[in-house]
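What you see below is based on every heavy atom in this structure, not just the backbone, and it leaves out hydrogens, waters and symmetry mates. Quick note: residue numbers are just sequence positions, from 1. Order of listing sets the numbers, starting from 1, for every ligand and every atom in it.
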Amino acid sequence: MTNTDNKPVNPGTTAADILTPSQAEDYCQRGFVAVQQISTPEEISSLLKIFQRLFQDRAGRREGMQYDMLSHDADGDAASLPTIINPVDYAPQLRKLIYRSNAFAVARLLLGPKVVPSFEQAILKPPRRGGATPWHQDEAYRFDPNFEYRQISIWMPLQAATTENGCMHYIPGSHRLDVLPHRSVNGDTRVHAIECAGGFDPASAVACPLPAGGAVLHDGRTLHYAGPNRSDGPRYAYILSFEVPPVPARQARSFSWNKEKRSANLERRHSWRRRGGVAIEFWRKFRRGVWKSPGQVAFELRRALRALWHRRPTP
Ligand code: NI
């Protein structure tokens with residue numbers, strides 16, 4: 001960890017209060033950096049209650065937005081890595097957070113003024129049986145590889161994250177790599193998660209334990225992993241991702257691992273969309289502010305047109 005020099009902040013101030021110049025430099029050099037505080041203890045305890053309820057109520061499951069990343073995600077199965085995509089769509093209290101404004105400020109500092117919110121995710125590693133998040137680059141999950149992406153994810157644990165309960169691990173400098181080949185976990189296309197198929201040395205990984213309400217920031221190409229949860233308590237994380245509006249790529253790429261995906265959550269999502277979910281999805285994107293940036297509108301339209309042209313529903 002290189003970030004122990006940063007002092008606790010009074011959140012809600014400026015990005016420079018959260019991220020020192022040396023930490024910003026670290027992010028550029030290594031593709032990730034940890035900060036000790038991006039939210040407040042009060043906010044963390046209220047987030048814990050919100051996410052406990054959302055996971056218990058299976059919010060978003062019917063729409064394919066809550067699912068287990070590591071299994072076939074059958075109804076009634078005990079999930080080992082449950083997740084909710086865009087939890088803000090199911091809990092309006094998440095719209096205004098100190099964490100959200102601090103994360104946005106830091107993303108702007110690192111990626112520039114064009115940065116926009118991209119998506120968000122809550123992940124639960126249940127006690128004792130929470131599975132490992134396989135090594136991957138976030139960009140490898142992007143549905144359409146024919147855009148140039150510049151994205152940052154801000155990963156905040158809601159309790160201390162340790163090597164015992166599944167803190168993040170990173171490969172320093174891997175953000176300078178291309179997107180490496182990935183595959184479905186165990187070669188099973190019905191499992192949502194993908195894993196990097198090689199081309200890096202896991203022994204060079206750096207573990208990033210964090211206090212509750214601290215965060216790690218990582219680039220869309222930085223290789224990362226989170227271990228299983230061997231502790232007696234749940235490990236919750238809330239991730240906010242931001243990006244510069246993607247533009248068409250100059251060179252074609254293929255992410256075959258996404259094309260072959262047959263996971264149950266995608267089936268549920270497509271079926272929900274056919275039943276009218278498309279309009280709700282459009283409205284939710286509007287409410288999240290996606291349409292405020294002309295660059296992001298252009299990306300969304302291009303992406304939808306490309307999906308139509310190739311007769312593939314976007315995930
Ligand atoms: Ni990731």
With no hydrogens and no angle check, is any side-chain donor or acceptor of Glu63 less than 3.5 Å from a backbone partner on Trp272? no
Exercise for the section: Determine yes or no for a side-chain-to-main-chain donor-acceptor pair under 3.5 angstrom, with His218 supplying the side chain and Val216 the backbone. Expected result: no
Any protein N, O or S atom under 2.8 Å from the Ni ion (ligand 1)? Found His136 NE2, Asp138 OD1, His224 NE2
Requested in this report: Kindly say whether the aromatic ring centers of His192 and Tyr67 come within a distance under 6.0 Å.
Outcome: yes
Q. Is the His224 to His136 ring centre distance short of 6.0 Å?
A. yes
Query - Ring geometry between Phe147 and Phe299 (parallel below 30°, tilted from 30 to 60°, perpendicular above 60°) - result: perpendicular
*asked:* Once you measure the plane-to-plane angle for Phe32 and Tyr170, does it fall in the parallel (<30°), tilted (30-60°) or perpendicular (>60°) bin?
replied: parallel
